[in-house]
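Read through the structure below, which is laid out as structure tokens, and then see the notes.
Residues: numbered from 1 along the sequence shown.
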Amino acid sequence: QVQLVESGGGLVQAGGSLRLSCAASGRTFSTYAMGWFRRAPGKEREFVAAITWSGAGTSYADSVKGRFTISRDNAKNTVYLQIDSLKLDDTAVYYCAARPFLLTHSAAEEYEYWGQGTQVTVSS
């Protein structure tokens with residue numbers, strides 16, 4: 001069992017930056033691949049980024065490549081999402097998720113545990 005708690009969201013002007021954190025409970029955190037997803041108002045949940053158990057491998061949605069960076073610190077049971085050059089379209093609730101496999105996946109149904117989400121709002 002893994003419990004996930006996101007933090008770091010907020011209101012930011014376009015062009016700004018945020019770092020989201022996701023703290024995980026459980027001793028097996030390092031055996032899970034982790035992902036970030038988001039749900040914008042009126043839209044379906046979408047994949048944002050994912051990272052392998054070791055942190056050696058990452059994947060990103062095309063819409064965020066070059067602006068978002070996912071990382072993890074297994075000693076702290078935490079995964080991060082650095083968001084730079086924020087755009088209005090990045091406004092969404094951001095969720096972290098844990099997948100009980102070592103490798104990443106972009107499909108939400110491949111992730112077993114989910115956090116409650118953190119709101120990111122980008123203003124013009």
Side-chain angles (χ1 to χ4, degrees):
Q1 186 90 12
V2 175
Q3 292 184 323
L4 305 172
V5 179
E6 302 96 333
S7 61
L11 175 63
V12 185
Q13 282 193 322
S17 297
L18 277 176
R19 189 174 82 154
L20 306 183
S21 299
C22 174
S25 65
R27 295 178 295 175
T28 59
F29 174 75
S30 62
T31 65
Y32 285 74
M34 299 296 295
W36 285 95
F37 292 77
R38 67 185 181 185
R39 187 191 300 272
K43 295 187 177 181
E44 297 292 317
R45 179 175 52 188
E46 66 173 352
F47 170 75
V48 173
I51 190 166
T52 60
W53 69 280
S54 66
T58 58
S59 59
Y60 297 91
D62 288 342
S63 60
V64 308
K65 280 180 182 176
R67 300 189 300 118
F68 289 24
T69 304
I70 188 171
S71 62
R72 67 189 295 163
D73 185 339
N74 286 344
K76 295 182 178 180
N77 278 15
T78 302
V79 62
Y80 304 98
L81 186 68
Q82 177 68 38
I83 308 175
D84 297 318
S85 302
L86 275 158
K87 302 178 179 179
L88 296 178
D89 287 348
D90 294 323
T91 294
V93 178
Y94 285 72
Y95 301 89
C96 72
R99 180 171 189 258
F101 295 96
L102 301 182
L103 302 182
T104 64
H105 206 290
S106 61
E109 57 266 28
E110 291 289 327
Y111 290 79
E112 186 170 347
Y113 301 104
W114 292 82
Q116 83 289 348
T118 187
Q119 176 71 48
V120 172
T121 302
V122 184
S123 64
S124 59

With a 4.0 Å cut-off on N to O distance, would you call K65 and D62 a salt bridge? yes

Quick one: closest heavy-atom pair of V64 and V48, and the distance? CG2-O, 3.5 Å

CG of L20 to CD1 of I83: how many Å apart, nearest 0.5 Å? 4.0 Å

Heavy-atom pair of closest approach, residues T28 and T31: O-OG1, 2.6 Å

What distance do S30 atom OG and D73 atom CG have between them, rounded to the nearest 0.5 Å? 11.5 Å

Considering residues, nucleotides and ligands other than Q3, do more than 12 of their heavy atoms fall under 6.0 Å from its CD? no

For the student: nearest non-hydrogen atoms of R45 and A108, plus distance: NH2-CB, 3.6 Å

In Å and rounded to the nearest 0.5 Å, what is the OG1 to NZ distance from T91 to K43? 10.0 Å

Can you check whether Q116's main-chain N or O pairs, donor with acceptor, with E6's side chain at less than 3.5 Å? yes

In short, R38 meets Y94 closest at the heavy-atom pair NH1-OH, 2.9 Å

Do Q1 and Y113 have side-chain heavy atoms sitting under 4.5 Å apart? yes

Check whether any side-chain heavy atom of L11 lies under 4.5 Å from a side-chain heavy atom of Q119, and answer yes or no. no

Atom pair CD (E112) and CZ (R99), whose distance is rounded to the nearest 0.5 Å: 11.0 Å

With rounding to the nearest 0.5 angstrom, report the OG to CG distance, S54 to L102. 8.5 Å

Do V120 and V93 land in one hydrophobic cluster if side-chain heavy atoms of ILVMFWY residues count as linked below 4.5 Å? no

Test item: R67 and Y60 side chains (from C-beta on) under 4.5 Å apart, heavy atoms: no

Shared ILVMFWY cluster between F47 and I51, side chains joined below 4.5 angstrom? no

I need the minimum non-hydrogen distance between W53 and N74, along with the two atoms involved. O-ND2, 3.0 Å

With the 4.5 Å side-chain cut-off for hydrophobic clustering, are V2 and L81 part of the same group? yes

Mind checking whether W36 and Y111 sit in one hydrophobic cluster, side chains of I, L, V, M, F, W, Y counted as touching below 4.5 Å? no

Check the orientation of F37 and W114. Use parallel for under 30°, tilted for 30 to 60°, and perpendicular for over 60°. tilted

Can you find a heavy atom in the side chain of V79 that is under 4.5 Å from one in the side chain of I70? yes

Measure from the side-chain N and O atoms of T118 to the backbone N and O of S7, and report whether any donor-acceptor pair falls under 3.5 Å. no

Report the C-alpha distance between F29 and T78 in whole Å, list the side-chain angles of each, state the deciding distance to 0.1 Å, and finish with yes or no for side chain to side chain contact (heavy atoms under 4.5 Å, CB included). CA-CA 9 Å; F29 174 75; T78 302; 5.7 Å; no

Which heavy atom of S17 sits nearest a heavy atom of S85, and at what distance? OG-N, 4.3 Å

Distance col, row R72:CZ vs T52:OG1, nearest 0.5 angstrom, shows 7.0 Å

Residue from C22, C96, S71 passing side-chain contact (heavy atoms from CB on, under 4.5 Å) with Y80: S71

Would V122 and Y95 show up in the same hydrophobic cluster when neighbours are defined by side-chain heavy atoms closer than 4.5 Å? no

